[in-house]
Structure formats: structure tokens, C-alpha cells
Amino acid sequence: MNLRLAGIFASLLFLSGCDLLTNCSYEERFVTASGRLVENGAELVRAQVGVSAVRGSLRSKSFDHLVEGTPLQGHVLAITLIRAGEAGERLLDIPVRSLSTTVISTGGMTQREGEVTPALGGLYEILSANLGILELTTDLPSRSRILIPLSVTNKIDWHRPNNCY
């Protein structure tokens with residue numbers, strides 16, 4: 001009987017492509033984008049964002065960001081991700097976290113299966129199409145609103161991770 005069970009188990013491993021051993025029952029994708037604003041030859045602000053997602057047996061989405069700019073340090077009141085061509089549509093509010101003399105905001109958010117906030121659905125498609133813009137609201141009268149268009153720097157669509165054989 002034990003030999004028969006071992007044979008059935010070996011057959012299942014073979015037929016599943018070893019997914020039972022390597023946990024290859026999910027796929028992932030990510031996109032990173034960056035942008036910067038240069039004024040009179042000097043960089044005023046720069047930003048990097050990343051969106052990733054996992055589907056299959058594991059499911060989640062995440063958003064990471066870094067916004068830096070010494071001239072704006074202490075003046076940024078709000079940061080919002082918006083979509084190009086969609087005036088007024090706020091996709092994601094990003095907390096302002098001043099941690100040093102150059103960092104305006106840094107951090108990440110994760111949306112797990114079944115959660116509704118933060119709402120990260122659709123961000124991959126927007127960023128990968130170069131439609132993402134960071135909108136900074138400041139207390140500077142001459143620059144109350146700063147727009148930073150984001151351009152894709154790296155993108156990999158749905159794929160199995162490297163540990164899948």
C-alpha cells in the first residue's frame with residue numbers, strides 16, 4: 001500500500017510540474033517609473049515609484065515611492081498620483097513624510113486579497129502606459145502646484161518568479 005501511495009504522490013508531482021514543491025502556483029509583475037523637475041539647470045524635485053502585483057495562489061498589490069528635493073523640503077503639503085488627461089481624478093494620496101533634509105516622502109503600501117484600501121487596482125496599467133503624474137501641493141505662492149510626469153524605467157509583465165523551475 002505504501003508503494004502505491006508513493007507512486008500516486010510521484011505522479012501528482014510530475015503532472016503538476018513540481019508546483020507542490022516549488023510553490024510555483026503564482027505569477028508576478030512590476031513596473032517602476034521616475035520623473036524629475038529641473039528649473040534653471042537645478043533639480044527641484046525627483047520621484048521614483050513602483051507598482052507590483054502577485055496573482056494565483058498568492059494575491060496582493062503594492063506601491064512604493066520616494067520623493068526627494070531639497071528646495072521643497074518642508075513646503076510640500078500633499079502628494080497625489082493622478083492620471084494624465086484626467087483632470088481632478090485622484091488615483092492615490094501619498095503621505096508626506098519628511099525624514100531628512102532631502103527626502104519629502106518615502107514608503108510603501110500593500111493591498112492584500114479582500115482588502116479595499118489602499119485601492120491599488122489599475123495603477124500598473126496607468127504607470128506602464130506612461131500616464132502617471134505626481135501632483136505636489138505646496139505652501140509656496142509661486143509654486144502652489146507642481147506636476148511630475150512619470151516615465152517607465154523598468155517593466156516586467158506577468159511571469160513566474162525565478163525560483164520556479
Side-chain angles (χ1 to χ4, degrees), residues 24 26-164:
C24 292
Y26 66 94
E27 295 178 303
E28 57 190 15
R29 69 178 177 175
F30 71 89
V31 61
T32 56
S34 66
R36 62 188 205 140
L37 178 62
V38 176
E39 192 173 77
N40 298 325
E43 184 176 80
L44 187 62
V45 63
R46 74 171 155 249
Q48 298 173 325
V49 299
V51 173
S52 63
V54 179
R55 71 178 180 190
S57 63
L58 304 173
R59 294 175 188 230
S60 67
K61 297 176 183 107
S62 65
F63 176 86
D64 296 296
H65 69 281
L66 172 64
V67 181
E68 297 179 289
T70 304
L72 294 178
Q73 180 63 27
H75 295 286
V76 176
L77 304 173
I79 303 172
T80 305
L81 179 64
I82 61 174
R83 180 184 174 136
E86 302 289 328
E89 183 183 354
R90 303 166 68 99
L91 300 173
L92 186 65
D93 290 323
I94 300 168
V96 176
R97 296 185 179 128
S98 298
L99 301 175
S100 71
T101 57
T102 61
V103 176
I104 297 168
S105 180
T106 187
M109 304 172 200
T110 300
Q111 180 185 7
R112 291 175 182 76
E113 183 177 16
E115 296 177 342
V116 294
T117 59
L120 303 180
L123 295 185
Y124 176 91
E125 290 77 12
I126 290 166
L127 287 176
S128 64
N130 289 315
L131 295 174
I133 298 174
L134 285 184
E135 177 184 47
L136 280 65
T137 305
T138 75
D139 62 1
L140 301 171
S142 63
R143 285 231 168 255
S144 62
R145 183 175 179 239
I146 298 170
L147 299 177
I148 306 169
L150 300 169
S151 299
V152 171
T153 56
N154 196 5
K155 177 173 100 171
I156 296 181
D157 211 339
W158 293 117
H159 70 284
R160 293 212 172 192
N162 291 336
N163 63 341
C164 290

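Because the structure is a prediction, the values reported are computed rather than measured.
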Looking at L92, I133, L91, which hits side-chain contact (heavy atoms from CB on, under 4.5 Å) with I82?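 Per the side-chain contact (heavy atoms from CB on, under 4.5 Å) rule, the option paired with I82 is I133, out of L92, I133, L91.
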Quick check: closest heavy atoms across [X] and [Y], and the distance to 0.1 Å?
X    : Y    : value
Q48  : S34  : CG-CB, 4.0 Å
D64  : G108 : OD1-CA, 3.4 Å
P95  : D93  : CD-O, 3.9 Å
W158 : R55  : NE1-NH1, 3.2 Å
P118 : T110 : CD-O, 3.4 Å

Looking at [atom1] of [X] and [atom2] of [Y], how far apart are the two atoms once the value is rounded to the nearest 0.5 Å?
X    : Y    : atom1 : atom2 : answer
S151 : L127 : OG    : CG    : 10.5 Å
R59  : E27  : CZ    : CD    : 11.0 Å
I79  : H65  : CD1   : NE2   : 6.0 Å
I148 : L81  : CD1   : CG    : 11.0 Å

Taking the side chain as every heavy atom from C-beta outward, state whether [X] and [Y] have any pair of such atoms under 4.5 Å apart.
X    : Y    : result
I126 : V51  : no
F30  : S62  : no
L37  : R143 : yes
L72  : L140 : yes

Within the distance-only criterion (no hydrogens, no angle test), does the side chain of [X] pair as donor or acceptor with the backbone N or O of [Y] below 3.5 angstrom?
X    : Y    : value
S60  : V54  : no
S105 : V67  : no
Q111 : L120 : yes
R97  : T106 : yes

With sequence neighbours left out, which residue pairs that include part of residues 119-139 fulfil the side-chain hydrogen bond (donor to acceptor under 3.5 Å, both in side chains) condition?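 Listed once each, the pairs are R29-E125, H75-D139, E135-R145.
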Is R83 salt-bridged to E89, going by a charged N under 4.0 Å from an acidic O?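 E89 and R83: not salt-bridged.
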query: salt bridge (Lys or Arg N to Asp or Glu O under 4.0 Å) with E28: which residues, sequence neighbours excluded?
result: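 E28 satisfies salt bridge (Lys or Arg N to Asp or Glu O under 4.0 Å) with no residue once adjacent residues are dropped.
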| field | Check against side-chain contact (heavy atoms from CB on, under 4.5 Å), I104 and Q73 | value | CA-CA 6 Å; I104 297 168; Q73 180 63 27; 3.9 Å; yes
Requested in this report: Go through I146 and V76 one step at a time and tell me if the side-chain contact (heavy atoms from CB on, under 4.5 Å) criterion holds.
Outcome: CA-CA 10 Å; I146 298 170; V76 176; over 6 Å; no
Taking CZ in R36 as the centre, count heavy atoms belonging to other residues, nucleotides or ligands within less than 6.0 Å. Is the count above 12?
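No, because the 6.0 Å sphere around CZ of R36 holds 12 heavy atoms or fewer from other groups.
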